Amino acid sequence: RRFGSDDDAPVRVMFYRDHAGWCPYCEKIWLQLEEKKIPYRVEKINMRCYGDKPASFTSKVPSGMLPVVEIDGELMTESAAIAAALEERFPERTPLLPARGTAAFARIEELNRLERALFSRWMRWLTSSWADGGNRSQFEEAMDVVDAELRKTPGAYFLGEELSLVDITFTPFLERMAASLAYYKGFKIEQSGGRWPGLDAWYRAMALRSDTYAWIKSDYYTHAHDLPPQLGGCEFNGDDEQA
Ligand SMILES: N[C@@H](CCC(=O)N[C@@H](CS)C(=O)NCC(=O)O)C(=O)O
């Protein structure tokens, strides 16, 4: 992917992501590369649920985990570390982090923790068939906090008017939550019409990123069926509105 740079310019980034576009951590890096327009080569590696990974990959990355990036030949794993390295090594490309010392910068760590807390509650609800009401309330409470954070600043994004790395961290998961909870639990997040106006505005703003996220994003049906092989199962709750 060259973003119009000429053919002789060296491409500094090699990006290994999963073949089918299922891996949310790969999606974060993919979206960041697209938003920053950093030229990259891509090699697609199958996930474990499709069989053994190629030896050419596992010899570099014994754990087999994705995403992986090589920047100027230096191999990096773990999406948060990769994201930080992309910000640091390509300062000339649209920065997706606010300057250190600003109020916006001070919020990042807490928001990243909130994303993991929301993730855990989503997982607990999605993958269990018992205590459905309690799991649902706990998920909703975490969404209330996310929504309040989104409404703290003017603009649809977490840190204000512009998309940042915090939005990118949340994106693959909010995308999968909307799809999976609609399908397995009959629970609507997008266009829920009231409880989470900050989230409504965030989903709308993300959908309008037509050169980047709009063509990376997957659809509800795909996610409803790509999550079980990765997670080992998703549980219906027997609600009349599910699926
Ligand atoms: N903490 C890691 C998590 C990455 C991760 O869980 N990757 C999964 C896919 S979503 C993986 O590579 N699993 C091995 C496989 O299924 O092939 C990160 O942020 O990069």
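In this text the structure is predicted, and so the values were computed from the model without any measurement. Just so you know, ligand 1 is whichever comes first in the structure, and atom 1 is the first atom listed for that ligand. Heads up: numbering here begins at 1 and tracks the sequence. No hydrogens, no waters, no symmetry mates; every other heavy atom, side chains included, goes into these values.
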Tell me the nearest of [options] to [atom], using heavy-atom distances.
atom	options	result
atom 9 (C) of ligand 1	K28, Q230, M47, H19	M47
atom 15 (C) of ligand 1	R48, E27, E78	R48
atom 20 (O) of ligand 1	A83, S79, A80	S79

Heavy-atom neighbours of D52 CG exceed 12 at 6.0 Å =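 Result for CG/D52: open.
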Would the number of heavy atoms belonging to other residues, nucleotides or ligands and lying under 6.0 Å from CZ of R100 be above 12?
->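 12 or below, so no.
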Would you say L66 and ligand 1 have an N/O pair spaced under 3.5 Å apart?
->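 For ligand 1, there is an N or O atom that lies under 3.5 Å from one belonging to L66.
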Say whether Y25, considering both its backbone and side-chain N or O atoms, lies within less than 3.5 Å of an N or O atom on ligand 1.
->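 Between Y25 and ligand 1, no N or O pair is found under 3.5 Å apart.
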Which of the atoms in ligand 1, numbered in the order shown and given with their element, are less than 4.0 Å from a heavy-atom of P67?
->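 Here the atoms of ligand 1 in question are 20 (O).
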Near P24, which atoms of ligand 1 are under 4.0 Å from a heavy atom of that residue?
->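 Contacts of ligand 1 toward P24, numbered from 1: 10 (S).
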Please name all residues satisfying side chain to side chain contact (heavy atoms under 4.5 Å, CB included) with K37, sequence neighbours left out, ordered by chain then number.
->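 Checked K37 against side chain to side chain contact (heavy atoms under 4.5 Å, CB included); matches are F3, R93.
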Could you find the nearest protein heavy atom to [atom] and give me its residue, atom name and distance?
atom	result
atom 17 (O) of ligand 1	K53 NZ, 2.5 Å
atom 10 (S) of ligand 1	C23 SG, 3.2 Å
atom 11 (C) of ligand 1	M65 SD, 3.6 Å

Sub-4.5 Å side-chain heavy-atom contact between D200 and E190 =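 No. Closest side-chain heavy atoms not under 4.5 Å.
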According to the salt bridge (charged side-chain N to carboxylate O under 4.0 Å, His left out) rule, which pairs have a member within residues 171-180, sequence neighbours left out?
->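 Only E27-R176 qualify under salt bridge (charged side-chain N to carboxylate O under 4.0 Å, His left out).
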Indicate yes or no: does R195 engage D147 in a salt bridge with an N to O separation below 4.0 Å.
->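 No salt bridge links R195 with D147.
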Could you tell me whether the side chains of K44 and Y16 share a donor-acceptor contact shorter than 3.5 Å?
->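 No, Y16 and K44 have no side-chain donor paired with an acceptor closer than 3.5 Å.
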